[in-house]
Amino acid sequence: MIHSLFLVNSSGDIFLEKHWKSVVSRSVCDYFFEAQERASEPENVPPVIPTPHHYLISVLRHRIYFVAVIQSEVPPLFVIEFLHRVVDTFQDYFGVCTEAAIKDNVVVVYELLEEMLDNGFPLATESNILKELIKPPTILRTVVNTITGSTNVGEQLPTGQLSVVPWRRTGVKYTNNEAYFDVVEEIDAIIDKSGSTITAEIQGVIDACVKLTGMPDLTLSFMNPRLLDDVSFHPCVRFKRWEAERILSFIPPDGNFRLLSYHVSSQNLVAIPVYVKHNITFREGSSQGRFELTLGPKQTMGKGVEAVLVSSQLPRGVLNTNLNPTQGTYTFDPVTKLLSWDVGKINPQKLPSLKGSMSLQAGASKPDENPTINIQFKIQQSALSGLKVNRLDMYGEKYKPFKGIKYMTKAGKFQIATR
Amino acid sequence: MEWANQLCENRQFGSKMTDSKYFTTTKKGEIFELKAELNSDKKEKKKEAVKKVIASMTVGKDVSALFPDVVNCMQTDNLELKKLVYLYLMNYAKSQPDMAIMAVNTFVKDCEDANPLIRALAVRTMGCIRVDKITEYLCEPLRKCLKDEDPYVRKTAAVCVAKLHDINAQLVEDQGFLDTLKDLISDSNPMVVANAVAALSEIAESHPNSNLLDLNPQSINKLLTALNECTEWGQIFILDCLANYTPRDDRESQSICERVTPRLSHANSAVVLSAVKVLMKFMEMLPKDLDYYSTLLKKLAPPLVTLLSAEPELQYVALRNINLIVQKRPEILKHEMKVFFVKYNDPIYVKLEKLDIMIRLASQANIAQVLAELKEYATEVDVDFVRKAVRAIGRCAIKVEQSAERCVSTLLDLIQTKVNYVVQEAIVVIKDIFRKYPNKYESVIATLCENLDSLDEPEARAAMIWIVGEYAERIDNADELLESFLEGFHDESTQVQLQLLTAIVKLFLKKPTETQELVQQVLSLATQDSDNPDLRDRGYIYWRLLSTDPVAAKEVVLAEKPLISEETDLIEPTLLEELICHIGTLASVYHKPPSAFVEGSRGVMHKRLPARTGSGESTESPDVGAAGGSAPEAAPSIIPSQGDLLGDLLNLDMAPPTTSGPPPPSTGMQMGGMDLLGGGLDSLMGDESEPLGGDIGGSPAMGAGFGAAPAVMPASLNAPVGGGLGDLFDLGGVGMPMGAYIPPKIVWLPAMKAKGLEISGTFARRAGVIQMELILTNKAMSVMTDFAIQFNRNSFGLAPAGPLQVLTPLGPNQTIEVSLPLSTVGPVMKMDPLNNLQVAVKNNIDVFYFSCQYPISMLFVEDGKMERQVFLATWKDIPNDNESQFQIKDCHLNSDAASSKLQGSNIFTIAKRTVEGQDMLYMSIKLSNGIWVLAELRVQAGNPNYTISLKCRAPEVSQCVFQCYEAVLKN
């Protein structure tokens, strides 16, 4: 199982280590540093690195490498999932997961890690339970603790730990009972130069924020559950019921959680919300290149496309650009060759465009690489796949909760090839 | 300490109360200061001091000197303080074992605390203190905790058993904790069950032969029930444990699959992959015609696709596993090609894996799309990725025949870009395409030649040289091209040197007139000026070949090459089976069996897929069963890198002719040193009007050059016809290290039955020629003349290749030995037994008939060495019904001796691996009529009985082949 954990910052210093079994010398991280040196980009460090006696499994989050050391055969996904859970917990406890935050709360971090793993076996990873064991630091509590000498470690056995609903603590009380659900879809697409779709898929999630008193039992039904054939559920969802009736039935955890994530990939279901007309050309022997880009809305179901940001890695041979945006601002970094254009909102009546010229190294041959255009955008109040919640009901408790459902679409890895 | 200072500053600026305050140091000794605080009377001050100690510990400072002071703080009601002290203890108890004893009493007391949280905490911490003296005291509290009324304590205690086992395995067994742990599998609380399973699995890993996890239908049922109710981590443990179970029949396996399937929708990817493992394994047992089977196949695809939208690290692990799944069951993901298309901002390790899977999934249906993508990738920035993309195009061409043309034109487009590394990669793969589709795309050679100058990598240079040599007759200036490489011969890498040598020899054989000087030059460079033994040996072999018998040289050097296999990097089926059982583990990421790399797990039972029971196969002969018990130790070498291919190419040049053509003319052999080449050349150049022999012989350079070789030659000249060639091969290491097995001569035709003519004989294979060696004895009173011989039709079409050479009359009581070369092109009729041969011998007296049996080994041809990948594919391909097993008794050779002995009879060992003292040899044999026989020979050290499994598309030859094995090995 998981032997040790090292946290490494972006400059390559180990700033925290935790061992669950015998102590593993931090020199084991030298292998990690070697791999880090070899990698061209920080994110290119391979996640599994073998060393003569150990294996290092790492994830990079918030510019911190979480490096787990294992000695025997352990499912790597198990380790990676656990590391993600550690990151999530830190974020949950400290608001941000940064080196400074971890150092500021080093004792809590240690207590948490001790509570999360025992002998390398996961012990308590649900934030609801951890919070009962170790109270998250708040400024108020820290001050009070220092004055009164009380502690942030719970004295009681967490109630959820062994119940049938381990994800929910008991005795929850709210004055305002509310349940919010956000349907968020990210579209990943690769479009070729002629504008036809090579791949397009939607990653959707339903994130919930449930603040309900007692032990509420919720059911959520959809207008078009057929869309959801590839789903992963939070453990609270009763799978049998979903199989039989296509209804989500669950006792929710308290607070924020991800109810389900889903994947829509059949091409005909994925509408492409924006189009790009582009003309990026270099001529042999000329030190000038042309650059033209126009954006427009495509299938957006009548909703506006906002927060549009276009970025592209131009070929190395491009020295500088001289472009005119019809709206928004554009920047070009001559060192990294990264062009980015903050467009804002797309007005269907007056399509935004970016036109002008690029200056190339004189005498150099025409660049080989073809720039890929990345686009980010958001569409409010619409889920691209068309997924719609039909109704949300609550059983088991008497009060009337306030319910809310929000939809949003945004671009994930939305890329357009230009050649 | 930079950050510590920074933290100090933070503290000064902000009024925030954070833990960073514990990092401040004072000018006085820090340890001293802490010591004083730890011994303070004020609880609050104590706690703060412990926190400071912990903080120092986390950043790796040594605060072990404070041990007694910290342990003193342990007796407290404050849970946080207690936890902190425990943290400290776990870290430093090892270095202060005597002091740690002080803590024991508190632990024992805490284990009986009213608060289950404290009981659990105590037993948990005690297990983490790796001090022998303490573990003794741990036993009693642990026993109590394992039976505690509170499940939280029980589940903690279960893990503690694993900890204790790690420290002192004997103690755990003696105390009977393992049995208690097994009982916990039936606990009422699912979390306790999950932890008990986890603990047992960990213990079992270091205890390969114990049947700790003795699973039966009842316990499986318990596990499946717990599976639905425990946490995600518990589910992983339970699923991994389930994967070790072998269901009794397909019905049980289906019911387990049904109960595991819902896990595919879990949010935790590790749960999903563990579930996939269980399903992939148990599916093996389901009959394929079952509706449920296809439903299950359909259900497997979406979760795998979903894994690919997770974080890159998860994707990487998922992709490595999908790579296995795609090889095992391509049908699952065959429609999902698009999800493997590379995204611009994927990390490089994800890109490379996706590329690999794209090729595996490539088929005629999707090849157009794949090629378009690959071409796109070939223009990206990352050099490694671009290289791999170009190679991928070549692999597509080889895999999907219909796409070959398009692939070649894509590669040509890429060559036009003139990007150096793209051109080089393209040339390397085009070489493979030539190998796969001979005489189809050679028109592109001109384009390739244009780029000769830009090649600076050995692999690309070697590939280009191979192409020039191979197609020398189509390239007008081949000699100039090769000559240009020759200038810097000694600066080239070995790979290029060897290739250049071979290419020039090929060129010479194809265009002998213009290139004598060149071949002369390269031979002397290789043999005289080089320190590399490989190069020298090869140089000498060519030299002797050319000087003794150019016709044979032509047959050897320009022999037809076997086509390269479609998939160059398929994982060996037995390894694949094992890896499928390890989906989701490190083994699956490295594509190596766990025994090959996980420390401390030597002798782990090798997992194998269960046999399909529904189809009524006998359990005795599943092919996977036979080979599946083996865990290849040197597995990675099974997967040849692209680079190995070239090595193969070179070796192929050396291979003897495929057909057992006419024996080398004996006249050529007897010629003397200087004349050798001349005479040979004449025969090579046929209708060339001007005889060159004299010229060459007269050239002083030539004389000197060839003068060097004959020093070693007489030996081979004196050898019987063909023996010389054999010796040559011997030098190259391709031929027969020990000589083929020749059965002793037996009397075929007694004199009684043939009016005084006695014939005894045997069969032999010498240098690729089958010979019938006869001893004719005249036991009659009169002289015998006019001998002739004829064969009846037989199973392998054996026929005399020439007349029976008995030139002088055979007088009374005279004996003559003759050898009769045989060909295998005669009429064919199946005989019983298969190797029966009916012979008619005629002399001046009468015609006599007899029948004899020949050892089938003489039909084993010299190019019977299969490529590994082909072997794997073929082994898999041949139905199990065609497999037969035999025992060879009382054979006392070790496996190496056996292998080289067999090689002498053209039974080639392709791979060898050792598993638990048992050597497994994989061998291939090719019969003269093109039938391949694959064999697996198992040799156990110290056991004189070998087991051999034979697989062949024509199973009737197996019996004969087995007899040969027996004969060869025992003689």
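Bear in mind the structure is a predicted one, so any value in this text is a computation, not a measurement. Below, all heavy atoms of this structure are taken into account, side chains as well, without hydrogens, waters or symmetry copies. Quick note on labels: first sequence line is chain A, next is B, and so on, each numbered from 1.
Residues passing the side chain to side chain contact (heavy atoms under 4.5 Å, CB included) test with Ala39(A) are Asn44(A), Val45(A), sequence neighbours excluded. Listed by chain and residue number, nothing satisfies the ring-ring contact (aromatic ring centres under 6.0 Å, His included) test with His263(A) (two or more places apart in sequence, or in another chain).
By the 4.5 Å heavy-atom criterion applied to side chains, Pro347(B) and Glu41(A) are not counted as neighbours. The closest side-chain heavy-atom distance from Phe121(A) to Asn195(B) is not below 4.5 Å. Side-chain contact between Arg320(B) and Val48(A) is absent, with no heavy-atom pair separated by less than 4.5 Å. Side chains of Ser309(B) and Asp188(A) form no contact here, defined as non-hydrogen atoms less than 4.5 Å apart. Using a 4.5 Å cut-off on side-chain heavy atoms (C-beta onward), Ile70(A) and Leu586(B) make contact. By the 4.5 Å heavy-atom criterion applied to side chains, Thr306(B) and Ser232(A) are counted as neighbours. Residues Leu84(B) and Val107(A) meet the side-chain proximity criterion, which asks for heavy atoms closer than 4.5 Å. Under the 4.5 Å side-chain criterion, counting only non-hydrogen atoms from C-beta, Lys193(A) is not in contact with Glu376(B).
For Leu87(B), the part lying near chain A is the side chain, with the backbone staying farther off; criterion is any non-hydrogen pair under 4.5 Å. Heavy-atom distances place the side chain of Val589(B), and not its backbone, under 4.5 Å from chain A. Interface residue Phe239(A): only side-chain heavy atoms are found under 4.5 Å from chain B. For chain A, the nearby part of Phe237(B) is the side chain; its heavy atoms alone come within less than 4.5 Å. Interface remark: Glu202(B) contributes side-chain atoms only to the contact with chain A (heavy atom separation under 4.5 Å). For chain A, the nearby part of Val342(B) is the backbone; its heavy atoms alone come within less than 4.5 Å. Of the atoms belonging to Ile348(B), heavy atoms from both backbone and side chain fall under 4.5 Å from chain A. Contact of Phe82(A) with chain B is made through backbone and side chain together, with heavy-atom distances under 4.5 Å. Proximity to chain B (any heavy atom under 4.5 Å) is shown, for Leu83(A), by neither the backbone nor the side chain.
What you find for Pro46(A) and Tyr349(B) is that their closest heavy atoms are CA-CD2, 3.8 Å.
Crowding of Lys298(B) atom NZ: a count of heavy atoms from other residues, nucleotides or ligands under 6.0 Å not exceeding 12. More than 12 heavy atoms of other residues, nucleotides or ligands shown are found within 6.0 angstrom of NZ on Lys343(B).
If you tally non-hydrogen atom pairs under 4.5 Å between each of Asn9(A), Asn374(A), Asp192(A) and chain B, the highest count goes to Asn374(A). By number of non-hydrogen pairs under 4.5 angstrom with chain B, the leading residue of His84(A), Gln313(A), Lys240(A) is His84(A). Of the listed residues (His234(A), Glu115(A), Arg258(A)), the one with the most heavy-atom contacts under 4.5 Å to chain B is Glu115(A). Contact count versus chain B (heavy atoms, under 4.5 Å) is highest, among Asp118(A), Thr372(A), Val231(A), Ile80(A), for Asp118(A). Options Val317(B), Asn268(B), Leu273(B) differ in how many heavy-atom pairs under 4.5 Å they form with chain A, and the most are formed by Asn268(B). Counting heavy-atom pairs closer than 4.5 Å to chain B, the top residue among Val74(A), Thr125(A), Ile57(A) is Thr125(A). No other option in Pro75(A), Gly412(A), Gly120(A), Pro76(A) has as many heavy-atom pairs under 4.5 Å with chain B as Pro76(A).
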- Message: ring-ring contact (aromatic ring centres under 6.0 Å, His included) for Tyr55(A) and Tyr590(B)? Distances and angles first, verdict last.
- Response: CA-CA 11 Å; Tyr55(A) 291 86; Tyr590(B) 285 106; 5.8 Å; yes
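Distance alone, capped at 3.5 Å, places no donor-acceptor pair between the Glu81(A) side chain and the Glu232(B) backbone.
To the nearest 0.5 Å, atom CH2 of residue Trp20(A) and atom SG of residue Cys128(B) are 11.5 Å apart. Within the model, atoms NZ of Lys338(B) and CD1 of Ile190(A) stand 10.0 Å from one another, a figure rounded to the nearest 0.5 Å.
Remark: aromatic rings of Phe78(A) and Trp233(B) are close, center separation under 6.0 Å.
The pair Arg124(B)-Glu114(A) meets the salt-bridge criterion, with a side-chain N (NZ, NE, NH1 or NH2) lying under 4.0 Å from an Asp/Glu carboxylate O. Between Glu73(A) and Lys592(B), none of the side-chain N atoms (NZ, or NE/NH1/NH2) sits under 4.0 Å from a carboxylate O, so this pair counts as no salt bridge.
Gln415(A) and Asn345(B) are linked by a side-chain donor-acceptor pair at a separation below 3.5 angstrom, with hydrogens and angles left out of the test.
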